[in-house]
Amino acid sequence: MPQKEKPSPSCSNYYHQTETEIIKEFDTNASHGLSTSAVKSRLKQDGYNELDSKVTPKWLIFIQQFNNIIIYILILAAILTLLMRHYSDSIVITIVIIINAVIGFGQEVKASNALEKIKNLLSTEANVYRNGQRQQISARDLVVGDVVYLEAGDNVPADLRLIDVDSLRIQESSLTGESDSVAKTIAPLAPDTPLAEQTNMAFASTGVTNGSGLGIVVATGEHTEIGKISTSVQDIKRQKSPLTRELDQLGTGISWFIIISSVVLFIFGLVLNIYSLPVLTMAIITMIVGSMPEGLPAATSIILAAGAQKLTKEHAIIKTLPAAETLGAIDIIATDKTGTLTKNEMMIQDIIIKDRHYQVSGNGYNPEGAITLDGQPVNPDADLQKLLFMGFEANDALIFQEDGAWTINGEPTDGAFITAYYKAFGVTEPDASEIDRIPFDSDYRYIAKLVKMPNNDHLTAIKGAPDTLFRLAKQYDSNFDASALESQVSKFANTGKRVIAVGYVPEAADCVEITTDSIENNGIIFLGLVAITDPPRPEVIQTIKEMRTAGIKVKMITGDAVETASAIGRQLGLSENIQTMTGKEVNALSLDELAALVENYDVFARTTPFDKLKIVEAYQKNGNVTAMVGDGVNDAPALKKADIGIAMGVKGTDVAKESADVILADDDFSTIETAIAQGRRLYDNIKKTILFLLPTSFAEGLIVFISILLQQPMPLTPTQLLWINMVSAVTIQLAFIFEPAEPGLMQRPPRNKYQKLMTRHDVCQMMYVSLIIAGMALIIFEIAEAHSVPFAIASTMAVNIIIFGKIFYLFNIRTSAFALSKKVIFSNPMAYVSIIAMILLQLFFTYNLFMNGVFSTAGLSLHDWLIVIVSSLPVLIVAEINKAIRKKLKLPVL
């Protein structure tokens with residue numbers, strides 16, 4: 001009977017179905033596989049077993065940089081000045097537009113595409129049964145219903161429902177968060193079994209570590225679990241950072257205010273016939289260009305870039321500039337456990353032998369540490385030597401040094417036993433040779449190895465699940481009492497530790513084979529219990545404590561069981577009373593329901609990649625600025641969705657690193673705290689930059705506005721205004737890059753996600769600073785005109801009054817302390833460097849003949865400069881008086 005076409009696979013509980021039901025649903029044959037015709041039909045219907053990724057063309061990214069109201073207005077100004085044959089004005093405005101576009105483009109093209117990395121995770125080849133023959137094909141050609149053979153070393157090429165296993169174990173940590181590889185079975189599982197517990201499934205991109213197996217393809221390409229992650233990552237659009245949103249709102253508000261004011265003033269000028277139409281038009285363009293904060297994008301980008309560079313030196317690599325500041329707004333950190341909060345390096349911490357409780361010190365797989373009893377180092381006695389030897393022998397792993405670090409090839413639990421042996425006896429192998437072994441299997445839950453000793457004695461080393469070994473010990477010795485040991489197992493389990501029992505079996509000298517039947521029949525001699533933990537990273541506990549002081553809550557999201565996850569949460573000090581929710585419970589709630597509850601929970605256990613994504617969305621729905629920290633493929637959707645995604649740089653997968661905004665080059669969780677402090681400093685300094693830039697920009701617009709109303713000659717030209725805005729943006733405003741943090745930076749709570757960038761006080765200060773600068777510049781210009789000073793000189797004096805007004809205002813706005821206090825004067829030497837750079841540029845602007853021609857300027861005398869400086873001082877005097885009054889009233893200064 002010909003095999004029929006199958007519908008495209010969709011999400012289904014294949015793990016709940018029997019082997020017979022799976023074979024029937026996919027119309028396949030467990031021993032012969034699919035026919036060639038069935039493969040062709042299904043390939044045509046479902047497509048290839050591959051993932052597609054869409055990349056935004058770079059030319060489109062560049063075009064998108066012009067989608068900004070400020071840029072629209074500047075483009076219109078450039079066109080109008082060109083039509084009016086003011087070529088130098090048009091060229092300068094155009095250059096400013098292009099500079100802003102290039103800066104934005106440079107930021108965005110740095111963001112890499114995580115989808116290509118996910119594609120690379122898929123296996124390239126697969127062993128399948130087709131037409132009754134086993135053959136190796138390109139994994140790309142797999143279809144649902146294919147029967148795939150797996151063996152140690154393979155990457156699983158598609159999602160499979162397993163139908164036959166032989167000691168099959170698969171490492172799924174990057175997908176599920178489980179640190180140990182998973183022993184696979186074939187029996188149907190209960191409905192709604194979490195992904196991490198679907199032991200009869202094999203998932204695309206995971207790796208076979210032991211044994212072999214046979215599975216039927218139930219999903220290919222985008223329908224696999226890794227494909228769903230890829231689709232999710234592709235569909236998620238990065239959200240604007242809080243600062244970007246604030247700047248957009250500010251820029252839009254300012255732009256509309258300027259446009260409306262300009263239109264009203266233009267109509268007013270026409271009605272009263274103040275100027276001829278060309279002169280009036282040019283005056284309005286001058287006002288718009290002067291008032292527009294076109295230097296703001298450049299200034300903020302430079303400050304963010306410098307902050308990102310500083311963070312790189314602190315081992316936090318920033319991939320997009322806004323991320324540097326977003327770090328400072330974080331109030332929720334949702335983090336993966338394995339490899340992030342913990343080392344993902346299993347380590348023996350406790351050994352129980354009879355009535356003795358040993359502690360083991362050290363760090364991960366590094367064989368440096370000590371075994372102590374009651375706090376005192378001990379030399380292993382015969383019982384302890386025997387336990388360590390048996391644990392070492394009943395093993396499938398290797399640990400070795402690579403690039404100065406100890407790493408493992410095999411199971412983390414096995415690696416912990418090897419490390420403990422090395423700690424006791426040095427990095428040497430025990431003098432024994434393997435004869436036979438029984439690999440670990442979930443059916444009997446132990447691993448055993450028959451070894452020959454130097455004296456020709458034969459024995460079987462065995463380690464495994466405590467309940468199994470307790471039963472076998474009872475079989476060997478009917479007087480064996482496990483009740484006290486069972487209590488100890490529960491105690492360790494409640495602290496998040498994995499408990500392994502160790503024993504051995506003396507064998508006859510001619511024994512060359514061991515079987516599960518022989519072990520079951522004869523039983524074992526019980527040696528003791530070993531408690532193993534994936535220890536928290538040393539820096540994490542203190543860092544979480546300091547985060548809580550800073551008003552930041554750390555939430556743990558893991559694939560671990562509830563008991564383990566809760567215990568680790570308590571060790572880490574996530575909260576005073578740990579509350580845990582399971583992924584199953586997360587999935588059962590709507591997003592609104594989850595958002596209403598999510599703040600009450602500290603730990604989320606047994607989660608899938610989509611549970612993590614939903615949890616992040618719930619925190620965001622509540623208005624939290626949410627960071628996601630992770631290292632696995634399963635973290636990728638949440639990393640991309642979060643306001644800020646943070647990936648581990650050493651042990652993190654490429655997919656996690658490509659999905660994140662920040663990469664921790666040292667895998668040190670405490671680096672996040674450093675990055676948050678730096679982000680808060682950057683926000684403060686960007687806000688200071690804005691509060692510094694806007695009053696001077698508005699002062700320029702006010703000068704033109706007042707001149708039109710008073711029907712006086714225009715003191716400033718558009719090119720002069722652009723010079724003031726752009727040149728000062730890349731010189732004097734650079735002082736804020738190096739401005740140190742305000743006191744108590746990490747003792748204050750995170751800022752509200754929806755707070756306005758500017759307070760009422762900020763607006764008032766902006767108004768009076770604008771009026772002072774504009775008023776002084778106009779007064780001096782009018783006096784100069786009245787004394788028949790040439791226009792070029794009077795205009796140059798007005799420009800320099802604005803510049804020196806900026807310089808004096810800089811001292812006030814830099815810090816909440818008084819400008820002339822000792823700690824302020826010497827706190828930022830780079831402020832003086834930027835001031836000197838600005839003054840040198842102004843001298844070039846004032847005295848260079850070419851600049852005189854382009855910007856309509858002229859050289860000033862010493863007397864002129866004295867007038868300029870004295871006229872600029874009132875800004876600092878008034879602003880400092882305001883600061884003193886606010887301090888006396890105990891009101892915030894900045």
Side-chain angles (χ1 to χ4, degrees), residues 107 238-250 296 299-335 543-544 546-554 616 619-620 623-629 639 642-647 660-664 668-691 736-759 762 813-816 892 894:
Q107 291 175 35
R238 288 199 186 274
Q239 300 188 53
K240 288 184 176 181
S241 72
L243 177 66
T244 302
R245 286 194 295 268
E246 290 172 34
L247 289 175
D248 284 350
Q249 290 170 3
L250 181 65
L296 185 57
T300 53
S301 293
I302 291 168
I303 291 173
L304 288 172
Q309 187 176 16
K310 187 170 183 178
L311 281 169
T312 299
K313 293 177 182 176
E314 299 287 348
H315 308 293
I317 300 168
I318 307 297
K319 291 173 59 182
T320 58
L321 291 186
E325 179 280 326
T326 305
L327 285 161
I330 292 169
D331 54 10
I332 292 286
I333 297 178
T335 177
T543 299
I544 288 175
E546 291 170 0
M547 295 274 198
R548 291 177 65 184
T549 302
I552 301 165
K553 297 176 183 176
V554 179
V616 168
Y619 281 120
Q620 289 176 321
N624 298 113
V625 178
T626 307
M628 176 68 199
V629 187
L639 283 168
D643 294 288
I644 184 103
I646 304 172
D661 305 287
V662 179
I663 298 171
L664 302 183
D668 188 338
F669 191 82
S670 65
T671 301
I672 299 174
E673 183 189 6
T674 303
I676 288 172
Q678 182 66 207
R680 290 187 176 188
R681 186 187 75 87
L682 286 175
Y683 178 81
D684 283 354
N685 289 345
I686 287 171
K687 182 174 178 178
K688 290 172 186 176
T689 303
I690 293 166
L691 295 179
F736 294 110
I737 292 174
F738 306 97
E739 194 61 40
E742 293 284 334
L745 186 74
M746 290 299 284
Q747 277 70 55
R748 69 192 192 199
R751 74 180 192 273
N752 188 291
K753 183 176 183 178
Y754 301 109
Q755 78 175 41
K756 301 262 185 207
L757 187 63
M758 298 178 66
T759 65
D762 296 332
I813 205 69
R814 271 179 51 207
T815 172
S816 57
L894 290 175

_Looking at every heavy atom in both A316 and T671, which two are closest together, and how far apart are they?_
CB-CG2, 3.9 Å
_CG-CD1 distance between N685 and I690, expressed to the nearest 0.5 angstrom_ = 11.0 Å
_Euclidean distance, T689 OG1 relative to D684 CG, rounded to 0.5 Å_ = 10.5 Å
*How many angstroms lie between NZ in K310 and CD1 in I737, if you round to the nearest 0.5 Å?*
11.0 Å
*Could you please spell out the steps behind the side chain to side chain contact (heavy atoms under 4.5 Å, CB included) verdict for L664 and I646?*
CA-CA 7 Å; L664 302 183; I646 304 172; 3.7 Å; yes
*Candidates K688, R680, R814, R681 - the one meeting salt bridge (Lys or Arg N to Asp or Glu O under 4.0 Å) with E742*: K688
*Which heavy-atom pair separates I676 from L327 by the least distance, and what is that distance?*
CG1-O, 3.5 Å
*Quick one: pull up CG in L691 and CD1 in I813 and give me the separation to the nearest 0.5 Å.*
5.0 Å
*Hey, which of T335, T549, I333, V554 is the one that makes side-chain contact (heavy atoms from CB on, under 4.5 Å) with I544?*
V554
_Exercise: identify the closest heavy-atom pair between A675 and L311_ = CA-CD2, 3.5 Å
*Drop me the distance from D668's CG to E314's CD, to the nearest 0.5 angstrom.*
11.0 Å
*Between the side chains of T626 and N624, is a donor N or O closer than 3.5 angstrom to an acceptor N or O?*
no
*Determine, stepwise, if the pair D643 / Q620 fulfils side chain to side chain contact (heavy atoms under 4.5 Å, CB included).*
CA-CA 8 Å; D643 294 288; Q620 289 176 321; 3.3 Å; yes
*Between A550 and P750, what is the shortest heavy-atom contact and its length?*
O-CD, 3.4 Å
*Give a yes or no answer on whether the side chain of R751 reaches the backbone of Y683 with a donor-acceptor pair at less than 3.5 Å.*
no
*Quick one: closest heavy-atom pair of L745 and A677, and the distance?*
CD2-O, 3.2 Å
_Atom pair CE/NZ of M758 and K687 - distance to nearest 0.5 Å_ = 8.5 Å
*Are side-chain heavy atoms of I672 and T543 found at a separation under 4.5 Å?*
no
*Could you please spell out the steps behind the side chain to side chain contact (heavy atoms under 4.5 Å, CB included) verdict for E673 and I552?*
CA-CA 10 Å; E673 183 189 6; I552 301 165; over 6 Å; no
